[in-house]
Amino acid sequence: MRLALVFSLVAALAGPALAQDQPASELPDIVVRGPAGREDEARRFIDAVSVKPVLAVGLATWRTPFCLQVLNLSPAVTGMLSSQIEARAANLGVEVQPPSCRANVTVVATPDGDETAAALVDIFPDSFEASKGPTQLDGRALDRFLTSDAAVRWWNLSAPYDTRNHRIIVPFANVPASWRRSLPADFFGEHEVRALLSAVVVVDARLTAEVPVEALGDYIAMVVLAEVDATTNYVAYPSILNMFTATPGLDGLTDWDLRYLNALYSAPVRSRNSRYQLSEIARMMAAAEAPQAANRPR
């Protein structure tokens with residue numbers, strides 16, 4: 001049976017001390033961070049977190065149904081982990097399929113991450129290099145996936161996608177491509193987006209044994225619902241992506257993570273102008289009062 005893979009597996013506020021013996025006519029400086037400052041901060045976070053294939057334009061989201069399978073864990077843990085990941089996907093407006101579906105997101109728990117990663121790439125090569133188009137990262141990224149010492153490693157595939165007929169625009173494995181860009185009505189590329197198609201997550205059981213299931217589920221959800229850069233040092237950012245590094249005690253997606261995911265799935269896309277998408281994501285992150293589930297039109 002073919003295994004389809006699509007994958008998904010603070011700033012501290014220091015108040016200035018009040019100056020003593022200060023004349024009544026003088027007031028301490030007050031620094032107000034306006035919308036522009038928050039957008040700059042959001043853009044730095046986006047640039048640090050996001051990654052896409054070299055030939056791709058824009059960031060990918062799930063446009064096809066999301067079908068998750070979790071392997072090598074007890075039924076109880078599998079159920080908890082699956083529920084956490086699927087709930088995060090559903091909150092973003094992603095169509096989540098029932099357990100009987102054909103999986104395109106696979107989470108594999110293993111005592112040896114390198115051995116499992118190598119076996120997956122060897123047995124299912126199309127799930128890692130599906131086409132000559134902009135559907136995957138380069139060979140160096142694949143080498144990092146194979147040799148990573150991370151507690152959780154991941155590999156996503158994505159491709160240009162036509163929202164009018166719900167088909168990809170480049171050949172992908174045995175899936176035919178739809179028509180190419182040609183209509184004047186599509187001048188801005190509003191009907192062409194990038195879609196996540198499959199993912200695999202390898203979870204090293206030796207390094208995650210003490211991690212709460214809900215926290216692990218949120219970490220995996222973050223990396224399967226977005227194209228996340230596995231090479232970035234996230235210490236400077238308030239993110240669940242720090243869970244295995246320098247920030248102990250993270251137990252779920254942070255406010256900043258939720259702002260990013262909601263903005264990513266809500267922002268309008270003009271596929272021929274990635275700056276437009278990134279600017280809109282930053283603007284929406286900065287403007288968000290509280291993270292809410294995104295309702296993206298399909």
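In what follows, every heavy atom counts, from backbone to side chain, and hydrogens, waters and symmetry copies are set aside.
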statement: Looking only at heavy atoms, the pair that brings S148 and R153 closest together is O-NH2, 2.7 Å
Check: D251 side chain, A215 main-chain N or O, donor-acceptor pair, under 3.5 Å: no
task: Please answer whether the main-chain N or O of A87 pairs with a side-chain N or O of N91 as donor and acceptor at a distance below 3.5 Å.
output: yes
field: Verdict with reasoning, L71 to Q69, per side-chain contact (heavy atoms from CB on, under 4.5 Å)
entry: CA-CA 7 Å; L71 305 176; Q69 67 174 346; 4.0 Å; yes
- request: Please work out which of the three classes, parallel, tilted or perpendicular, describes the rings of F145 and F128, given edges at 30° and 60°.
  value: tilted
- prompt: Are any of the side-chain heavy atoms of S158 and E227 separated by less than 4.5 Å?
  reply: yes
- prompt: What's the verdict on side-chain contact (heavy atoms from CB on, under 4.5 Å) for L196 and N156, showing C-alpha distance, side-chain angles and the deciding distance?
  reply: CA-CA 7 Å; L196 287 162; N156 297 337; 4.1 Å; yes
query: Do R259 and D255 meet the salt-bridge criterion of a basic N to acidic O distance under 4.0 Å?
result: yes
task: Mind checking the CD1-OH spacing from I46 to Y260? Nearest 0.5 Å is all I need.
output: 6.5 Å
query: Taking C-beta and beyond as the side chain, do Y237 and T254 meet within less than 4.5 Å on heavy atoms?
result: no
- request: Verify side-chain contact (heavy atoms from CB on, under 4.5 Å) between M285 and L258, making sure each step is shown before the conclusion.
  value: CA-CA 9 Å; M285 287 179 66; L258 291 168; over 6 Å; no
message: Tell me the closest heavy-atom pair linking D204 and T208, and the distance in Å.
response: O-OG1, 3.0 Å
query: Okay, side chain of R43, backbone of A282: is any donor-acceptor separation there less than 3.5 Å?
result: no
field: Side chain N72, main chain A109, donor-acceptor under 3.5 Å
entry: yes
message: Check R38 with E41, please: is the shortest side-chain N to carboxylate O separation under 4.0 Å?
response: no
- line: To the nearest 0.5 Å, atom CG of L241 lies from atom CH2 of W256 at 14.0 Å
- prompt: Nearest 0.5 Å, what's the CZ-OG distance between F45 and S239?
  reply: 4.5 Å
message: Please report the interatomic distance CD1(I281) to CD(E39), rounded to the nearest 0.5 Å.
response: 12.0 Å
message: Nearest 0.5 Å, please: how far is OH in Y265 from CG in L59?
response: 10.5 Å
message: For the CG atom of L253 and the CG atom of D218, what is their distance to the nearest 0.5 Å?
response: 3.5 Å
task: Taking the side chain as every heavy atom from C-beta outward, state whether D257 and Y219 have any pair of such atoms under 4.5 Å apart.
output: no
query: Taking side chain as C-beta onward, heavy atoms only, is L137 less than 4.5 Å from V51?
result: yes
field: Side-chain heavy atoms of I85 within contact of L81, under 4.5 Å
entry: yes
query: Do you know which two heavy atoms are closest between G58 and R194, and how far apart they sit?
result: O-NH1, 2.6 Å
field: Note, T110 side chain near V202 side chain (heavy atom, < 4.5 Å)
entry: yes
- request: Using the side-chain contact (heavy atoms from CB on, under 4.5 Å) rule, take L142 and V121 through it: C-alpha gap first, then chi angles, then the decisive distance, then the call.
  value: CA-CA 9 Å; L142 185 59; V121 173; 4.2 Å; yes
- line: Note: C101 and P98 closest approach over all heavy atoms is SG-O, 2.9 Å
query: Are the side chains of V152 and L216 in touch, meaning some heavy atoms are under 4.5 Å apart?
result: yes
task: Return the minimal non-hydrogen interatomic distance between L68 and F66, and the atom names on each side.
output: CB-CE2, 3.9 Å
- prompt: Side-chain contact, heavy-atom cut-off 4.5 Å: L197 with W62?
  reply: no
message: Salt bridge or not between D162 and R63? Use side-chain N to carboxylate O under 4.0 Å.
response: no
- prompt: With R144, which residues qualify under side chain to side chain donor-acceptor pair (under 3.5 Å), at least two apart?
  reply: none
message: Is there a path of hydrophobic side-chain contacts, each under 4.5 Å between heavy atoms, that joins V94 and V105?
response: yes
message: Applying side chain to side chain donor-acceptor pair (under 3.5 Å), can you list everything that pairs with T231, at least two apart in sequence or on another chain?
response: D229
query: Among the clusters formed by ILVMFWY side chains lying less than 4.5 Å apart, do L92 and L264 turn up in the same one?
result: yes
- prompt: Does the salt bridge (Lys or Arg N to Asp or Glu O under 4.0 Å) test come out yes or no for D40 and R44, once each step is laid out?
  reply: CA-CA 6 Å; D40 289 343; R44 288 192 295 271; 5.3 Å; no
- prompt: What are the two closest heavy atoms between W155 and L157, and how far apart are they?
  reply: NE1-CD2, 3.7 Å
